[in-house]
Amino acid sequence: MSTLAVVDACQVTAIATEVFAAMIDHRGGLLTSWSRGPMTVTDPLHAWVDLGTVPAGRLQVTTDAGTAGEVTRSFRMKGEAEPIADADVVDAFGEIANVLGGNVKALLPEHVGLTLPEVSRQSPSGERAVLLNEALFAWRGRPLVISLYTI
């Protein structure tokens with residue numbers, strides 16, 4: 001059994017709600033549980049950090065690339081007319097995964113390392129990854145998934 005299995009979807013939801021309220025929206029209520037049936041993420045962008053659990057774990061955040069851009073705009077407190085560079089999206093989306101991963105790491109019964117965040121259009125969690133749990137959200141009505149894997 002993975003050390004990461006002690007973290008459940010309710011805990012991930014609580015962490016995500018707090019992180020989004022503090023870092024992204026600067027108020028609560030804009031990240032809610034997904035309640036619209038099956039979720040489809042088109043044009044996905046993934047951000048993740050790996051945790052040094054046994055076996056190794058991963059926290060992965062997935063949303064549409066356009067939504068990641070809007071999350072970045074809010075995170076950077078930019079106006080709607082201000083341009084957002086791809087590098088800004090990678091930096092901000094990766095930082096969000098890093099903060100979420102750090103909060104999950106704090107729930108573990110033992111100290112583990114955390115990798116630097118990575119961002120890609122390709123999901124890093126392939127055939128060998130085992131999904132432990134995931135939390136489905138609507139951020140301002142748009143789909144966003146936070147998943148925990150063993151890798």
Side-chain angles (χ1 to χ4, degrees), residues 2-4 7 9-34 39-53 55-108 111-151:
S2 169
T3 306
L4 196 54
V7 180
C10 290
Q11 291 170 305
V12 172
T13 297
I15 290 167
T17 301
E18 289 178 21
V19 167
F20 271 70
M23 291 179 57
I24 297 158
D25 297 316
H26 311 290
R27 64 186 170 109
L30 297 177
L31 182 73
T32 59
S33 292
W34 183 264
M39 179 183 284
T40 302
V41 176
T42 57
D43 191 24
L45 188 66
H46 310 276
W48 68 92
V49 291
D50 291 343
L51 296 109
T53 56
R58 173 171 293 142
L59 177 132
Q60 180 174 316
V61 184
T62 303
T63 193
D64 297 312
T67 301
E70 290 305 310
V71 167
T72 299
R73 182 176 304 287
S74 186
F75 179 73
R76 300 259 190 225
M77 293 186 267
K78 295 216 176 215
E80 288 185 34
E82 293 181 77
I84 299 290
D86 289 345
D88 290 336
V89 174
V90 167
D91 183 54
F93 202 43
E95 181 59 21
I96 291 161
N98 189 50
V99 171
L100 292 167
N103 278 273
V104 165
K105 174 183 159 182
L107 296 175
L108 300 178
H111 177 74
V112 299
L114 189 70
T115 65
L116 292 174
E118 295 187 52
V119 177
S120 175
R121 292 205 175 252
Q122 300 299 316
S123 176
S125 300
E127 294 176 11
R128 295 185 318 157
V130 175
L131 180 64
L132 296 173
N133 66 58
E134 66 182 5
L136 306 178
F137 298 99
W139 179 75
R140 298 182 181 189
R142 300 171 184 154
L144 185 135
V145 182
I146 301 174
S147 308
L148 294 177
Y149 292 94
T150 58
I151 53 173

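Not measured: the values here are computed from a predicted model.
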Measure the spacing between [atom1] of [X] and [atom2] of [Y] and express it to the nearest 0.5 Å.
| X | Y | atom1 | atom2 | value |
| --- | --- | --- | --- | --- |
| Ile24 | Glu95 | CD1 | CD | 10.0 Å |
| Asp50 | Thr115 | CG | OG1 | 4.5 Å |
| Asp91 | Phe75 | CG | CZ | 7.5 Å |
| Leu100 | Glu18 | CG | CD | 11.0 Å |
| Leu45 | Leu144 | CG | CG | 10.5 Å |
| Leu59 | Ile96 | CG | CD1 | 12.0 Å |

So do the side chains of [X] and [Y] get within less than 4.5 Å of each other, counting heavy atoms only?
| X | Y | answer |
| --- | --- | --- |
| Ile146 | Phe137 | yes |
| His26 | Met77 | yes |
| Glu70 | Arg140 | no |
| Thr150 | Arg128 | no |
| Arg58 | Pro124 | yes |
| Tyr149 | Leu4 | no |
| Trp48 | Ser123 | no |

Can you see which heavy atom on [X] is nearest to which on [Y], and at what distance?
| X | Y | result |
| --- | --- | --- |
| Asn103 | Val99 | ND2-O, 2.8 Å |
| Val41 | Pro143 | CG2-CB, 4.2 Å |
| Leu114 | Gly102 | CD2-N, 3.8 Å |
| Asn133 | Val7 | ND2-O, 2.7 Å |
| Gly94 | Pro117 | O-CB, 3.1 Å |
| Ala135 | Val12 | CB-CG1, 4.0 Å |

Closer than 3.5 angstrom, by distance alone: can the side chain of [X] be matched with the main-chain N or O of [Y] as a donor-acceptor pair?
| X | Y | value |
| --- | --- | --- |
| Arg76 | Val89 | no |
| Thr63 | Thr67 | no |
| Asp64 | Thr42 | yes |
| Asp25 | Ser74 | no |

- With a cut-off of 6.0 Å (strictly less than), are more than 12 heavy atoms of other residues, nucleotides or ligands near CG of Asp43?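 Yes.
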
- Message: Please check if the number of heavy atoms outside Gln122 that lie under 6.0 Å from its CD is greater than 12.
- Response: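 Atom CD in Gln122 is not crowded, with 12 or fewer foreign heavy atoms closer than 6.0 Å.
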
- Before giving the answer on side-chain contact (heavy atoms from CB on, under 4.5 Å), spell out for Phe20 and Leu30 the whole-Å C-alpha distance, their side-chain angles and the decisive distance to 0.1 Å. CA-CA 8 Å; Phe20 271 70; Leu30 297 177; over 6 Å; no

- Item | Side-chain donor-acceptor pair present, Thr62, His46, cut-off under 3.5 Å |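 Indeed, the side chains of Thr62 and His46 share at least one donor-acceptor pair under 3.5 Å.
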
